[in-house]
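As the structure is a computational prediction, the values presented were derived from the model and not from experiment. Just the heavy atoms: all of them, side chains too, but no hydrogens, waters or symmetry mates, feed the values below.
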Amino acid sequence: MQSHPWETVVQAVWQKYPNPMNPAVVGVDVVDRRVTKGVLKTHRLISTKWGLPSSVTKVLGADRMFYASEHSVVDPVKKSMILMSKNITFCKEVSIVEKMTYSPHPSKEDCTIVKQKAEVTIHGIPLSSYLEGFITGKISVNSSKGKQGMEWVITKINKDVQELTSKTVKSMDDLVHLSGEPLTNFSFRK
């Protein structure tokens with residue numbers, strides 16, 4: 001459970017990467033985004049660099065960029081966000097499917113419930129139990145980093161909002177000072 005309102009958490013999800021807590025995610029590209037009957041549907045491509053151990057790279061190939069496809073559905077009326085991601089790289093050998101759901105806590109206004117589920121399936125690779133253990137371990141570590149990353153993004157968003165508010169107030173004060181008249185006497189014309 002996150003100690004932030006659902007709207008804040010969902011806003012932070014879109015800005016989560018890159019972040020200093022999880023430098024493995026090096027890029028996020030929007031492939032498609034549309035609103036259908038008030039529901040936002042997005043498809044993104046996630047680019048990562050895991051830094052696999054040499055024993056794993058010998059089995060799978062070169063240590064390189066890994067890609068995942070992420071589909072999300074945000075329903076602002078029901079206040080639900082569902083993220084589904086699946087690896088694209090090595091998907092015939094290793095299948096990683098992750099589902100995350102974000103929903104408001106039923107009784108605590110400032111809290112969001114986050115549920116995460118990941119399935120790892122290894123297909124026809126020697127040392128599959130070792131590889132599966134390595135991957136599930138990475139997912140667990142990245143989950144913790146993800147929570148830290150979300151807190152970092154939310155702090156950054158709050159700081160940006162405070163700075164924008166301060167600049168807006170200062171600009172309004174400057175405008176009133178320059179005009180010599182109270183702001184209530186201004187009229188805006190086209």
Drop me the distance from [X]'s [atom1] to [Y]'s [atom2], to the nearest 0.5 angstrom.
| X | Y | atom1 | atom2 | value |
| --- | --- | --- | --- | --- |
| K170 | T165 | NZ | OG1 | 15.0 Å |
| K115 | T101 | NZ | OG1 | 5.5 Å |
| K138 | T48 | NZ | OG1 | 10.0 Å |
| S143 | N22 | OG | CG | 10.5 Å |
| K86 | E119 | NZ | CD | 10.5 Å |
| K49 | S47 | NZ | OG | 11.5 Å |

Pick one: which of E151, K16, Q148 meets side chain to side chain contact (heavy atoms under 4.5 Å, CB included) with M21?
Q148

Same cluster (ILVMFWY, side-chain, under 4.5 Å), [X] and [Y]:
| X | Y | answer |
| --- | --- | --- |
| L40 | I82 | no |
| L83 | V114 | yes |
| V9 | W6 | yes |
| M84 | M81 | no |
| V25 | M150 | no |

Given side chains that start at C-beta, do those of [X] and [Y] come closer than 4.5 Å, heavy atoms only?
| X | Y | value |
| --- | --- | --- |
| H123 | S95 | yes |
| W152 | P20 | yes |
| R44 | W14 | yes |
| V74 | V39 | no |
| Y67 | N87 | no |
| Q15 | I157 | yes |
| V26 | M65 | yes |
| V10 | T8 | no |

Please confirm whether the backbone N or O of H4 pairs with a side-chain atom of T112, one donor and one acceptor, at under 3.5 Å?
yes

Can you tell me how the ring of F66 sits relative to the ring of F90, calling it parallel under 30°, perpendicular over 60° and tilted otherwise?
tilted

Can you see which heavy atom on [X] is nearest to which on [Y], and at what distance?
| X | Y | result |
| --- | --- | --- |
| G38 | P76 | O-CD, 3.3 Å |
| C111 | S3 | SG-CA, 4.2 Å |
| P106 | I113 | CD-CD1, 3.8 Å |

Whether D75 and K79 form a salt bridge (side-chain N of Lys/Arg under 4.0 Å from carboxylate O of Asp/Glu) is what I want to check.
no

Within residues 33-42 or reaching into it, pairs that qualify as side-chain hydrogen bond (donor to acceptor under 3.5 Å, both in side chains) - sequence neighbours excluded
D32-R34, R33-T42

Stepwise side chain to side chain contact (heavy atoms under 4.5 Å, CB included) check, V94 with T121:
CA-CA 6 Å; V94 179; T121 308; over 6 Å; no

In this structure, are over 12 heavy atoms from other groups packed under 6.0 Å from E163 atom CD?
yes

